Amino acid sequence: MERIILCMPHLSGKEIDFVKEAFADNWVVPLGPNVDGFEKDLEKFVNSEKSLNPEIHTESELCPPKSVVALSAGTAAVHLALVACGVGPGDEVIVQSFTFCASAHPVSYLGAIPVFVDSEEETWNMDPLLLEKAIEDRILQTGKKPKAIIPVALYGMPYKIEEIMEVARKYNIPVIEDAAEGFGSRYKGRVLGTFGKYGVLSFNGNKMITTSGGGALICGSLKEKKEILFYATQAREGYPYYQHEKIGYNYRMSNICAGIGRGQMTILNEHIAHHKMVQQLYCELLRDVEGITMHISPGIDYDSNFWLCTALLNPDLKIKGQDRVYLSPVKEAVGGAAGLINPAGTTHTDCEPDPNVEALRVALDKANIESRPLWKPMHVQPVYKNNPAYVNGVSVDLFRKGICLPAGPFVGKDEVKYIVETIKSSIC
């Protein structure tokens, strides 16, 4: 069997037509018909009748149609949302700790300070109770409230939106939804990324749909979209020459990448349905395996896209070879990491997955199956060791016990059965 990748995109066949059209019309630049068309496709999706649920209070009572800006990366979308929220040097921004670094790094780009908040056990996302505690304590400690709140749809799972939005409204703090992993996930029928002031999407090569690289920012109005476009195109003023009165960025999506995205949008719903099918199959096949628990939605309101299917291993579960893991430093990329990495200088860090989790990852890798640990929480990352953090131990516990299993379009029923058989045969 060929190597089973965590999440590899499936092409519709229409991508090449849009790309050829861009070349034929000489639109090989960061603007053009594909960029405009892709944004319209995204706007149609996020503004679908199903997604605009009037029962859910958002930052806009009237809930006007959302606008979308196509950008070079999801990280760029986080960055520009922070800029638009007025975040600057010395400001504080509350960020979910249990996430990929791209949720936090843009805060640091601006000279601001990420303040990390731990997770609750149901969705694995930002704990609303800790969020309010963090806000109150930051006001007490600094004399001012944080400038923004960034909850994350970890592995596609919706966060406790109503509770988080209630806290945000109470203190009048804008919410930037990081739905990079949650494109197509919904809460009470409404698309993630449409609840806060801004919503972040990612179309990286391993996401629900891909533009090879790229992202988008969901904005609350056309006025906000124009402001984001201004900053995304080097903040050029309206003169017949280059006049700059503010710092801008080169963050616009290319017309070529947008062409890929237009083709991908035609099969988005198929991708989401496939991921849900894979999740259901894992749950069925692992149901009777003692010591392994799949992460599932906490209720019908939480409609996850299951970008990746995740499981927890009981510390008492024994995996073959777990006494031989972490014996030598890692010398190359592991677990989906792209490109070159710095070789590890030691065999251990002060916070790492349990030996049985690493042993299972190694066993799956030997069987030509890609897997990876859960995200290591930001508050235990060395680069953020001195940042304020409000923790309850949930995310570290999940990181120690958790593993991500393949869920992409090329992972069918036979592949899931093979993965589960490999897992079962690895148990002592």
Side-chain angles (χ1 to χ4, degrees), residues 75 78 92-109 112-135 137-138 141 146 148-155 157 159-160 164 178 180-181 295 308 310-315 322 325-330 333-338 341-362 371-404:
T75 309
V78 177
E92 293 187 342
V93 174
I94 292 185
V95 183
Q96 182 170 311
S97 181
F98 202 17
T99 182
F100 180 56
C101 63
S103 306
H105 283 357
V107 179
S108 299
Y109 298 166
I113 302 166
V115 175
F116 297 111
V117 169
D118 216 326
S119 298
E120 37 79 18
E121 293 180 329
E122 288 192 311
T123 72
W124 296 5
N125 293 313
M126 184 180 286
D127 185 327
L129 297 177
L130 271 183
L131 168 63
E132 182 160 22
K133 177 181 178 181
I135 293 170
D137 192 57
R138 296 327 296 164
Q141 296 291 333
I149 300 167
I150 306 179
V152 180
L154 197 74
Y155 305 117
M157 187 65 69
Y159 19 85
K160 300 271 187 177
I164 289 173
D178 186 344
E181 299 173 11
H295 185 218
L308 293 181
T310 55
L312 298 179
L313 274 60
N314 188 297
Q322 71 179 62
V325 299
Y326 297 127
L327 293 180
S328 59
V330 172
V334 171
I341 62 169
N342 287 331
T346 62
T347 56
H348 292 278
T349 66
D350 58 2
C351 184
E352 61 191 19
D354 289 343
N356 61 352
V357 174
E358 174 62 5
L360 182 58
R361 185 197 68 77
V362 171
S371 65
R372 69 169 71 156
L374 303 184
W375 299 124
K376 184 169 183 174
M378 289 296 104
H379 73 271
V380 291
Q381 295 284 359
V383 70
Y384 289 124
K385 65 181 180 180
N386 295 321
N387 284 58
Y390 296 82
V391 300
N392 53 18
V394 170
S395 62
V396 166
D397 186 60
L398 293 171
F399 169 62
R400 292 185 183 278
K401 298 177 181 178
I403 193 167
C404 299

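Keep in mind that this is a model prediction, so the values were computed, not measured.
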For D118, the side-chain hydrogen bond (donor to acceptor under 3.5 Å, both in side chains) test, sequence neighbours excluded, returns S395
Shortest non-hydrogen contact from A134 toward V117: CB-CG2, 3.8 Å
Output yes when a side-chain donor or acceptor of N356 lies under 3.5 Å from a complementary backbone atom of Q322, and no otherwise. no
Test of understanding: with side-chain hydrogen bond (donor to acceptor under 3.5 Å, both in side chains), list the residues that count as partners of R400, not counting sequence neighbours. none
One should read off an interatomic distance between N125 CG and Q96 CD, to the nearest 0.5 angstrom, of 4.5 Å
E121 meets the salt bridge (Lys or Arg N to Asp or Glu O under 4.0 Å) criterion, sequence neighbours left out, with none
For E132, all residues meeting side-chain hydrogen bond (donor to acceptor under 3.5 Å, both in side chains), sequence neighbours excluded: K170, Y171
Under the side-chain hydrogen bond (donor to acceptor under 3.5 Å, both in side chains) test, residues paired with T99 that sit two or more places apart: S103
Ignoring hydrogens, what is the shortest heavy-atom contact between V396 and P377? Give both atom names and the distance. N-CG, 4.0 Å
Between CD1 of I135 and CD1 of I94, what distance do you get to the nearest 0.5 Å? 4.5 Å
In Å and rounded to the nearest 0.5 Å, what is the CD1 to CG distance from I403 to L360? 4.0 Å
For a 4.5 angstrom cut-off between non-hydrogen side-chain atoms, does W124 reach M157? no
List the atom of P106, the atom of A102, and the distance in Å for their closest heavy-atom pair. CD-O, 3.0 Å
Once salt bridge (charged side-chain N to carboxylate O under 4.0 Å, His left out) is applied, what residue pairs with a partner in residues 92-102 remain, sequence neighbours excluded? E92-R138
Checking side chain to side chain contact (heavy atoms under 4.5 Å, CB included) for the pair N392/L129: CA distance, chi angles, key distance, verdict? CA-CA 11 Å; N392 53 18; L129 297 177; over 6 Å; no
Please, which pairs that meet salt bridge (charged side-chain N to carboxylate O under 4.0 Å, His left out) have at least one residue in residues 380-397, sequence neighbours excluded? D397-K401
Short question: side chain of E120, backbone of E122 - any donor-acceptor pair under 3.5 Å? yes
Nearest 0.5 Å please: distance from the OG1 atom of T75 over to the CG atom of D178. 8.5 Å
Examine distances only and state if a side-chain atom of N387 and a backbone atom of P114 form a donor-acceptor pair shorter than 3.5 Å. yes
According to the salt bridge (charged side-chain N to carboxylate O under 4.0 Å, His left out) rule, which pairs have a member within residues 347-357, sequence neighbours left out? none
Could you list the residues that satisfy ring-ring contact (aromatic ring centres under 6.0 Å, His included) with F116, not counting sequence neighbours? Y384
CG on L312 to CG on L398, rounded to 0.5 Å: 6.0 Å
Under the criterion side chain to side chain contact (heavy atoms under 4.5 Å, CB included), I'd like the reasoning laid out for M378 against V95: C-alpha separation, chi angles, the key distance, then a yes or no. CA-CA 9 Å; M378 289 296 104; V95 183; 5.8 Å; no
Which residues satisfy the ring-ring contact (aromatic ring centres under 6.0 Å, His included) test with H379, sequence neighbours excluded? none
With sequence neighbours left out, what residues match P353 under side-chain contact (heavy atoms from CB on, under 4.5 Å)? Y326, V357, P373, F399
According to side-chain contact (heavy atoms from CB on, under 4.5 Å), who are the partners of V362, at least two apart in sequence or on a separate chain? E358, K366
Ring geometry between W375 and F100 (parallel below 30°, tilted from 30 to 60°, perpendicular above 60°): tilted
How long is the gap from OH on Y390 to CG on D127, to the nearest 0.5 Å? 14.0 Å
